[in-house]
Amino acid sequence: MPSACFGNSRSYTRRSRRRLPNRIPFPARTSSVELCEPACGGPATVGTSGAAGPSSVPPIENNAHSPPYDLRRKSPPHYSQHGELSTCSNIQCTSTNTASTCSYSTNTASSTVVTSSVTSSNSIMLPTRKRSRRSCSACHDSTNYASASHYLQYELPDEVLLTIFKYLLELDLCRVSQVCKRFNTIANDMGLWKRLYSRVFEYDVPLFNPEPCKFEFMPPEECEYSNPWKESFRQLYKGVHVRPGYDNLENDPGRRLPHFDRIQDALDYSEERGQQCPRIFIHAGTYRGEFLVIDSSVALIGASSGNVSENVILERELETTIMFVEGARNAYLGYMTLKFLPDVTSTVPHHKHYCLEVGEHACPTIEHVILRSTSVVGAALCVNGLNANPTVRHCDISDCENVGLYVTDYAQGTYEDNEICRNALAGIWVKNFANPVMRRNHIHHGRDVGVFTFDNGLGYFDLNNIHNNRIAGFEVKAGANPTVIQCEIHHGQTGGIYVHENGLGQFIDNRIHSNNFAGVWITSNSNPTIRKNEIYNGHQGGVYIFGEGRGLIEHNNIYGNALAGIQIRTNSDPIVRNNKIHHGQHGGIYVHEKGLGLIEENEVYANTLAGVWITTGSTPILRRNRIHSGKQVGVYFYDNGHGKLEDNDIYNHLYSGVQIRTGSNPVIKGNKIWGGQNGGVLVYNGGLGVLEGNQIFDNAMAGVWIKTDSNPTLKRNKIFDGRDGGICIFNGGRGVLVENEIFRNAQAGVLISTQSHPLLKNNRIFDGHAAGVEITNNATATLENNQIFNNRFGGLCLASGVHPTVKNNKIHDNQDHIEKAVSNGQCLYKISSYTSFPMHDFYRCQTCNTTDRNAICVNCIKTCHSGHDVEFIRHDRFFCDCGAGTLNNQCQLQGEPTQDTDTLYDSAAPMESHTLMVN
């Protein structure tokens, strides 16, 4: 008979119909059994299984898989009228001097025994070897045996065979499965194998070992094997069991699997027999006091019903519970709980002891292990030393009184799908050139930081979920340089990422959101790379760089934060490039307290306050940014804010595009500034600045406002198509305007008012819809070498009492629509508007009780107020209140009056930013 095996039995052609009764072999009572070799198994250490089984056999449990055969209910045998047993096959034996012949014939009509001759077509010739003469009684005995064997193999009901097979152990089932196809089918019943499997391993679900250092449970309905329980049995059979108090003879008579009370005894047993990759199954219970040092490729596997990891517990109080050292290159530890519970009153130091330690050159696989430590000075899992390279998967490292996972001293390792939470200090420490791979871990609710890399620690962190830690989700310090990719870092009780004290790191494609403080903090000479991250919904700012921090901040999407999207202060000098900074509840970028930085090619839009603030001695460079659609100012320089603003597009803000105030002195060069609802550039309250080579156009009010003792320099700018004036200088404003082109503006190209005194030199002011230059309200100016031409209301218009310095200007080809209107007898209101006020003589009518804020043109004085007591006031900018219909008498020169109560002869004052009011 072939040796028994846990594999699928070979299919043999049934030969029972062609054998003579006296040729049927009797099965041997014992036979040598060779088990199929698993992938990493040592020589067999088990004896042959006996035939005896328990006296009482429980019923076979139902399984999700149907049995691989259909139970057949056999009808009872019937007898002929002569009292003979009628069977489908009737047997005739004939004895001769040379041979015995046994032939079978089928008779479905009656139970008569048919005798066949030796030459019958159904008879079989005996082998030619010499046989002894047999008596007739011997022939009848052989016939009876053949009949019994035939009945056992073919006629006995499946239910009965199944019940018989319940009494067999695994090796017996392997033997009996090779008898015939029918036995093979029944012996592979999943219920039989599940019962045997659960008795040996105690698992509720089959555990498979598909490759070295990999053990995984798989529900039977998800397996590709026809009998998952048998296949798992085959893979795991050559194992050693640790099962305190378990007696083979008492509990499993006939099965000689090695059992031990202590784990160390099982390790010694495997080592003595030289087993390669031995498997040690540690059964349910709490194992205390053993100090296990693993220096070989052994697999320690928890074995239990229910939750295996929780039911197998190893505890220790003084030293490390389990330590892997050199030689444990393919060791395995899985499905158990390890506890390190030092006595706090003990005088024995334990600061270098851990729940689990992996040392130099050790490369174990650790899966589905629960780690708990009450040591206040150690870590639950410590990986240290050169070439320490474990694989740690699906472990639970939680509720420890110190660090959860500590990787240090050039160690490496792969750490995947672990639960790391509620630890007193950091969930993970990476230190001293350690370089682990951390992937898909859940790191949360720590009482300190989530992940802490420091002292030149490295590491690759991918797809981790880090949240609800008391300090930062991820902290980098002192030369550490981790790579953090596609992680979610959120709901930190302080910040998301904290890089300080010369920290480095690459943070790429992460989601950083909903943190109580800034999403990213960079300080004290740290220089990380923050790239392609989503940084949003922070309870304070998005990225906060301070204390001489640096960093490359690029291609991030920063939005919805309560404070500035990016804040730069105290000599920090980052590079901020290609980011989207938008929809902030505060400003977009805030540079203050001597902040620096290169800010280029970003899109800053739709923020509640200023798109960019620059203040208190800061000098950043803003280049090629798009700053638009803000609810206040585009770029706001105040309180000695400086810096360079070059080649930016600044447009569509509710206030002005750029504001400069209180000693600020930026260089604004080559920008396009348009669509401001409150003007293009506003310089006020002592503001300075150099505006050079900009295009300032299509703003709702003046292209450039200069007021209240401000003194900017404007060179070679194009200021055009404004819906108000080109440049308005008033309230003591000054400024130097050189080589600018000012054209097609709705009001004066340059309006100078109220004690202002600018210098205009070499400018071209043309094609305006009002005057070229207007000077009014006791203002003065110096005009040198300017070209003023083709303006609608004249080239240079001076109010009464104004005496500017005019030198070498070319004023030509200007239109004089005011004189034409006067000559034609028109009311001058006809040629004025809300934004365009002609300069001419205006009067007051004492008869009509006009006030100082009313003005009447000369033609209305002559016609509408003829014979009234009138008074000449002065030559200045105004529109006619008579034509506007604001007086009691209707204007006789106008048609239907247009109600207009705005009779101020100055442009409306610009709106100043309310940023300071809310800051």
Side-chain angles (χ1 to χ4, degrees), residues 518 520-523 525-530 541-556 558 563-582 584 586-605 607 609-628 630 632-650 653 657-671 673 681 683 687-692 694 712 913 915 919:
V520 179
W521 292 9
I522 303 171
T523 184
N525 295 301
S526 297
N527 191 19
T529 297
I530 311 295
V543 179
Y544 181 28
I545 309 165
F546 65 103
E548 301 182 348
R550 290 175 292 161
L552 173 60
I553 319 297
E554 65 178 3
H555 296 288
N556 300 285
I558 304 172
L563 296 183
I566 296 178
Q567 185 174 171
I568 304 169
R569 61 175 288 225
T570 51
N571 297 305
S572 296
D573 190 14
I575 296 173
V576 180
R577 180 185 294 147
N578 295 116
N579 300 283
K580 288 186 176 181
I581 304 166
H582 59 101
H586 204 259
I589 299 174
Y590 183 25
V591 189
H592 61 119
E593 298 181 35
K594 299 183 179 179
L596 304 168
L598 173 61
I599 302 169
E600 62 181 6
E601 298 180 350
N602 302 282
E603 185 169 10
V604 184
Y605 63 97
N607 294 287
L609 299 183
V612 180
W613 301 0
I614 301 171
T615 182
T616 51
S618 299
T619 56
I621 297 173
L622 281 77
R623 184 180 294 142
R624 295 188 299 278
N625 300 283
R626 294 177 65 220
I627 304 169
H628 63 96
Q632 283 199 11
V633 182
V635 181
Y636 185 25
F637 296 90
Y638 70 100
D639 292 349
N640 297 299
H642 309 301
K644 293 182 180 180
L645 196 63
E646 298 179 347
D647 300 317
N648 301 281
D649 282 356
I650 304 170
H653 292 90
V658 177
Q659 285 192 16
I660 305 170
R661 56 164 285 188
T662 51
S664 297
N665 189 17
V667 174
I668 301 175
K669 186 175 181 179
N671 302 281
I673 304 171
V681 178
V683 189
L688 302 169
V690 176
L691 283 72
E692 183 177 354
N694 302 286
S913 173
T915 300
N919 183 26

**Prompt:** Mind checking whether W521 and F546 have parallel, tilted or perpendicular rings, split at 30° and 60°?
**Reply:**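 W521 and F546: perpendicular rings.
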Pairwise distance [atom1]([X]) to [atom2]([Y]) - rounded to 0.5 angstrom:
X	Y	atom1	atom2	answer
H642	L688	NE2	CG	8.5 Å
Y590	L609	OH	CG	10.5 Å
Q567	I589	CD	CD1	11.5 Å
N671	I673	CG	CD1	5.0 Å
E603	K580	CD	NZ	6.0 Å
E554	I530	CD	CD1	10.5 Å

**Item:** Single hit among R577, R624, H555, R626 for side-chain hydrogen bond (donor to acceptor under 3.5 Å, both in side chains) with E601
**Value:** R624
Could you check whether any side-chain N or O of [X] sits under 3.5 Å from a backbone N or O of [Y], counting only pairs where one atom can act as donor and the other as acceptor?
X	Y	answer
N694	G670	yes
N578	N602	no
T615	Y638	yes
N648	L622	yes
N571	E548	no
R661	G687	no
N625	I599	yes

For residues [X] and [Y], report the shortest heavy-atom separation together with the two atoms involved.
X	Y	value
I627	H653	O-CE1, 3.0 Å
Q632	A610	CB-N, 4.3 Å
A564	H586	N-CB, 3.9 Å
S572	P574	C-CD, 3.6 Å

Would a 4.5 Å heavy-atom cut-off, applied to side chains only, mark [X] and [Y] as touching?
X	Y	answer
V690	K669	no
F637	V658	yes
I614	S664	no
I660	I668	yes

**Request:** Would you check, one step at a time, whether the test side-chain contact (heavy atoms from CB on, under 4.5 Å) holds for V576 with I568?
**Result:** CA-CA 10 Å; V576 180; I568 304 169; 4.3 Å; yes
**Asked** Under 3.5 Å, is there a donor-acceptor pair linking the side chains of T616 and D639?
**Response**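 Side-chain D/A pair, T616 to D639: absent.
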**Passing option when T619 is tested against N640, D573, L596, V591 for side chain to side chain contact (heavy atoms under 4.5 Å, CB included)** =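 Only one of N640, D573, L596, V591 forms a side chain to side chain contact (heavy atoms under 4.5 Å, CB included) with T619, namely L596.
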